[in-house]
Number of protein chains: 2
Amino acid sequence: MTTLCVYDLEIRSMELHLQIKMNEKLFVRNPEQTELGRKIIEFSIRLIHENGFEAFTFKKLAEVIGSTEAGIYRYFENKHRILIYLTAWYWSWLEFRVTFHLNNVSDPSIKLKKLIQLLAANVVDDDSTLYVDESLLHQIVIAEGSKAYLTKHVSEDNKDRLFKPYKDLCSLIAAIILEYNPAYTHPRSLATTIIEMANLQMFFMHHLPALTDFGQSKDEQLVVEFLEDLVFCSIRK
Amino acid sequence: MTTLCVYDLEIRSMELHLQIKMNEKLFVRNPEQTELGRKIIEFSIRLIHENGFEAFTFKKLAEVIGSTEAGIYRYFENKHRILIYLTAWYWSWLEFRVTFHLNNVSDPSIKLKKLIQLLAANVVDDDSTLYVDESLLHQIVIAEGSKAYLTKHVSEDNKDRLFKPYKDLCSLIAAIILEYNPAYTHPRSLATTIIEMANLQMFFMHHLPALTDFGQSKDEQLVVEFLEDLVFCSIRK
DNA sequence: TTAAAATGATAGTAATACTACCTCATAAAA
DNA sequence: TTTTATGAGGTAGTATTACTATCATTTTAA
């Protein structure tokens, strides 16, 4: 299995910089390598978070970063590609975090608990990436993430490996599930259920509370409890 | 609890006609009451199924039904409202089917099994509705359904009760779960998990098979098995 | 030094989303 | 019978969005 997304940890003057290597098919020109490109990332996150993906346009983005529409088209084919880029970035970042936090943990049940915590708890911007606000990006993934693959061209995009970071995270979780119980028959489907439900229950809790059991409190820890219950009941030997 | 969506079963010359009463806020003019309105429903289902929701426009719709854009705006505020209408219709129809099939079933575990079957199995157009192809509509709900609520105006739409059919189905399922095990703590979240995963695992199975455990066979019965396992493990006393 | 490539701004086009206004048919009121 | 109201649907727009072609300038590479 070849890996297109790897991580770089650079130590520069006592600061830790995390660089995520993105699939080249995601963009026309790599936005991480120029000032304008980084501004595109930084401000598309802000704009999509603020007004939603439907209201997000290259014109508005160009205005806030002091550039032009054509300038942005040089980096991304269209706004949907930016959404795929951002979600792919998020899943790569999350996989890194998971790997990092599960380092030296041997008990698969503790691994799963930590994992669910990382998936369902609110994210705090970690400052190790300069132009990506992970907290806002997490909100975007919750509210817009599934639009990245719910399209008519999902299969072509998949052939270009645009969803590899999501699949890698899914594989990682499935492996831990099998570690806990090698006889469990649906590790991948359970993995995507955890990922998707961590996001969706959070969205429902805030916007359609009647669809959840944690409407009043709006405490994300309750989502964690729900998921732990769901997972451990299912994979119990 | 007031009910905005109820069902009418009419017997006309030996045929059974199912009429679903829709929330008036969903449309500008009730599309069920005119020939043009019914064509809008029938052909928006076909067009969205064929080209996806993003590529669906009022102009294209007007062309295929031999009308004009302005004519369609008389029935629906915008294309997003059509999507909400279609999904609301689908959830009402499904709730009716569930109620119908669970009639006279007393064992909650059989109820849950039948329910999962109805949610996850492919739908066949049932001919009791003349201008709605339920099979195509099911495909639309799988691929586009979540876009109905994943918006910035979800809370206002929710205040107008546009998602009531979805919530009603959720309540119905939650009630059966509690019937099976009154001590279960997350009946609503589990209900939405069943609904959403029935659709999403089906989508992944066909388009992103690496995210599931039923990639090769593409047999929806495997989704049913996964969901049954997930549900019964969770609510087991 | 000079050609090629990259960068970015200007100025368009085509399609989309939406609106204002017009016409016609029907049907109730005078 | 005539008048007026009502709602059906159509015509012809505008503003915005998505995207492209072209030009000018800077950077880089031979």
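Just so we're on the same page: letters track the sequence lines, and every chain starts at 1.
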(request) Starting at the 5' end of nucleotides 4-10 of chain C, put B wherever the base has a protein heavy atom under 4.0 Å, S where only the sugar-phosphate does, and a dash everywhere else. (result) ---BBBB
(request) For this output row, return yes or no: ring centroids of B:His207 and A:Tyr149 closer than 6.0 angstrom. (result) no
(request) Determine, for A:Asp168 against A:Arg161, whether the closest basic-nitrogen to carboxylate-oxygen distance falls under 4.0 angstrom. (result) no
(request) Taking the six-membered ring of A:Phe53 (Phe, Tyr or Trp), confirm whether the NZ or CZ of A:Lys79 is under 6.0 Å from its centre and within 45° of its axis. (result) yes
(request) Look at atom NZ of B:Lys39 and say whether more than 12 heavy atoms of other residues, nucleotides or ligands are closer to it than 6.0 Å. (result) no
(message) If I take atom OH in residue B:Tyr73 and atom P in nucleotide C:dT16, what distance separates them, rounded to the nearest angstrom?
(response) 11 Å
(message) Any carboxylate oxygen within less than 4.0 angstrom of a Lys/Arg side-chain nitrogen, looking at A:Glu24 and A:Arg29?
(response) no
(request) Mind running a 4.0 Å heavy-atom check of residues 41-59 of chain B against DNA chain C and sending the residues that fall below it, in number order? (result) B:Thr57
(message) From NZ of A:Lys79 over to P of D:dT16, roughly how many Å is that when rounded to an integer?
(response) 16 Å
(request) May I ask you to decide whether B:Glu54 forms a salt bridge with B:Lys147, counting only side-chain N to carboxylate O separations under 4.0 Å? (result) yes
(request) Could you tell me the separation between the CG atom of A:Leu83 and the C1' atom of D:dA18, rounded to a whole number of Å? (result) 17 Å
(request) Would you kindly give the CD1-to-C1' distance between B:Ile72 and D:dA8, to the nearest whole Å? (result) 15 Å
(request) To the nearest Å, give me how far apart CZ (B:Phe76) and P (C:dC18) are. (result) 14 Å
(request) Specify the separation, in whole Å, of atom CG of A:Asn78 and atom P of D:dC19. (result) 5 Å
(request) Check whether any side-chain N or O of A:Asp160 sits under 3.5 Å from a backbone N or O of A:Lys25 as a donor-acceptor pair, and report yes or no. (result) no
(request) Measure from NE2 on B:His80 to P on C:dA17 and round the result to the nearest Å. (result) 13 Å
(message) Less than 4.0 angstrom from a charged side-chain N to a carboxylate O is my criterion; do B:Asp157 and B:Arg81 meet it?
(response) yes
(request) Measure from NZ or CZ of B:Arg46 to the centre of the six-membered ring of B:Phe43 and say whether it is under 6.0 Å with the direction within 45° of the ring axis. (result) yes
(request) Would you kindly give the CZ-to-C1' distance between A:Arg81 and D:dA18, to the nearest whole Å? (result) 15 Å
